[in-house]
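To keep things clear, I will list the structure first and then write my remarks on it.
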Protein chains: 2
Amino acid sequence: MGKATATRTLKNFNPRAMEIFREVVRMGSVTSAAKKAGLGQPAASRLIAQFEQDVGFELFHRDKGRLTLSPDGLLLYDEVVRALDNIARVRILASDIAEFRSGQLRIVAPPSLLEGFLSEIAADFLKLYPKVRLTLESGGVDTVKAMIASRAVDAGFVKLPLERTDLTAESILECGTTCVIPAQHELAQAKSVDAVALRNVPLILLGLGSSSRAQVEAAFATAGVVPTVLVETHTIGSACALAARGVGIAIVNHALASAYVRDQIILRPFVPDIRQDYAFVTADPTPSRLAKAFLECCKASLLNK
Amino acid sequence: MGKATATRTLKNFNPRAMEIFREVVRMGSVTSAAKKAGLGQPAASRLIAQFEQDVGFELFHRDKGRLTLSPDGLLLYDEVVRALDNIARVRILASDIAEFRSGQLRIVAPPSLLEGFLSEIAADFLKLYPKVRLTLESGGVDTVKAMIASRAVDAGFVKLPLERTDLTAESILECGTTCVIPAQHELAQAKSVDAVALRNVPLILLGLGSSSRAQVEAAFATAGVVPTVLVETHTIGSACALAARGVGIAIVNHALASAYVRDQIILRPFVPDIRQDYAFVTADPTPSRLAKAFLECCKASLLNK
DNA sequence: CTATTCCATGCTAAATGCGCATATGAAGAT
DNA sequence: ATCTTCATATGCGCATTTAGCATGGAATAG
């Protein structure tokens, strides 16, 4: 019996019944209420009858074939409306969440990425999901990894290899290394550029990522060329700006440089091909939907380039 | 399609699914949540899956065979709990109404009734249904009828005949007329008392109800006796009190006098039998459940006398 | 390596819900 | 007075849904 009661109580307070109840009160008749609720009159009649049995008293007086709200029903009515409104709010909130009109997303990346294409992608993302509160953090490689691992942020961008087992990475951008050459420079005619071609050519190198810088140095060493490093800088933007002013040739990540191409500079592949792989990294192997959406946004943005 | 959507939206936000969702969050596992909700684990699993499909996003991450609440799910959770609480409140309120722990009841009656047994019945009623807000009004016969008809009150007590077609009456108390005799009075020995026996006996009469007073007068006239009206009063209580002090003999409604019997007085039937019929009167042929309950209370109280 | 725990799914039986048709009762029209 | 109309209630059959049982797969503990 106790179980039967429990089961009943769960089943009985069907929102449909409450909904029909509300409509009947509003419309004044079962027939019109049923029509408004999109079902037939018999169904509505039965729902009302069932609901009355559930609550344990008459919601309506059957007065000459018409239904009139009873005082008891009136007492219940307000509370029913409140409950239905709250259910509606759940539905609205669910829809908001589903369509990214709610929630927040924190992303971290090295400054070079933020400065370049990430800000553009962020703009695209916010255009798609305007209600999302997006936070962009920047930090060095290790800081980025630490922030992701500690879940201070939802996701981040890191150059591979990751060398950590507690993080999940999805490669989003694999590209070679490029020489940023002033348009009037003689090497601008070359199809590609190698270390030998750069002998005695003033270079602009980035000191940031140990791995990529080391690989560039290694390429020169292999070719037996001592690089003429005129400027060491720390951002792709400044490297490209220097190249554009004819200071020298910058050797940078191809994709990142793409964001800075202007009339004054052209890009030529550097050989040997030094692959640089950036990944979208999360602490959780199954990132939040917003993070996924951001990732999709990145991919879409990169495809268009 | 449109209809399908409408049906879906109605059906989908099944409280069961929300309930299971809440339990899973609270318990941390589908299995325990299912057990707590009184159904099997597969059913719960399916409900969660269906609910996720309904809301349009993942409520939980399936992480190594365990379910962990997703950030999106967390966003929804509070709102779901709120909605469920409100449904619970509807259920509680319904139960309160069904068991008379809520609501209000307004009753009107002539002062003589109120003063006598009605206050006692009201006390009984409130003992049964302590949460009901009971209002007792008093008024003259026509006032009472008007208040009932205008629905300023839920029900009232009127002496029959009612002589109105817009009111519904149920007789609750039919009794004769009684002489309230001081214990030491010689007539206290008599089995019954008629007008002749009361010749030259100081009388206490009520001037209130035209019909009953007129009937008493008529009885005397028929017997050719001129009543010796020593006191005219307006309440049964005062009439009985006067009789108790030996002022005279009161001729009053039997049932109402019963409430005032004390050592000093005894009751003897007055002949001819002047029947007085009090009724429970409502404007609506189907009175509110509280009014019905009050009526039942009256009947029970009167049966015990 | 096995036992246990937990979630997901295929399958079947039962319950639920809806619509259609129809009965009943009341009010209004001819 | 009878008929039409309107509104609610109910019997019946079908489609959908739901629950349970049994099973499978994956991860963890011993």
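On a predicted model such as this, the values are computed, not experimentally measured, just so you know. Quick note on labels: first sequence line is chain A, next is B, and so on, each numbered from 1.
Both tests do not hold together for A:R101 against A:Y129: distance to the six-membered ring centre under 6.0 Å, angle to the ring axis within 45°. The cationic atom of B:R289 (NZ for Lys, CZ for Arg) lies less than 6.0 Å from the six-membered ring centre of B:F100 and within 45° of the ring axis.
Judged by atom type and distance alone, A:Q41 reaches the base of D:dA9 through a side-chain donor-acceptor pair under 3.5 Å. At a cut-off of 3.5 angstrom, the base of D:dG20 holds at least one donor-acceptor pair with the side chain of B:R46.
Across C:dA8, D:dT8, C:dG19, the shortest atom-to-atom separation from the side chain of B:L67 is found for C:dA8. In this structure, of D:dT10, D:dA19, C:dG19, it is D:dA19 that holds the atom nearest to the side chain of B:R16.
Distance, A:E23 CD to D:dA7 P: 16 Å, rounded to whole Å. Rounded to an integer number of Å, the gap from CD of A:Q53 to P of D:dA9 is 14 Å. In this structure, CD1 of A:I48 is placed 16 Å from C1' of C:dC18, rounded to the nearest angstrom. Counting to the nearest Å, the P atom of C:dT24 and the CZ atom of A:R62 are 18 Å from each other. Rounded to whole angstrom, the span from the CZ atom of B:R66 across to the P atom of D:dA29 amounts to 8 Å. Whole-Å rounding puts the B:H61 NE2 to C:dC7 P distance at 16 Å. In this structure, B:F51 atom CZ and D:dT18 atom P are separated by 13 Å, rounded to whole Å. Atom-to-atom, CD of A:Q50 to P of D:dA9 comes out at 14 Å; the value is rounded to the nearest Å.
Around atom CD of A:E296, more than 12 heavy atoms belonging to other residues, nucleotides or ligands sit under 6.0 Å away.
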**Message:** For B:E137 and B:R106: C-alpha separation, side-chain torsions, deciding distance, then whether salt bridge (Lys or Arg N to Asp or Glu O under 4.0 Å) applies.
**Reply:** CA-CA 7 Å; B:E137 311 270 1; B:R106 292 152 309 177; over 6 Å; no

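The shortest distance between the side-chain N/O atoms of A:T31 and the OP1/OP2 oxygens of D:dC6 is not below 4.0 Å. One finds no side-chain N or O of B:S45 lying less than 4.0 angstrom from the OP1 or OP2 phosphate oxygen of C:dC7.
Each of A:L47 and B:S29 has a nearest nucleotide on DNA chain C; the 5'-most of these lies closest to B:S29.
With ring centers used as reference points, A:F157 lies 6.0 Å or more from A:Y278.
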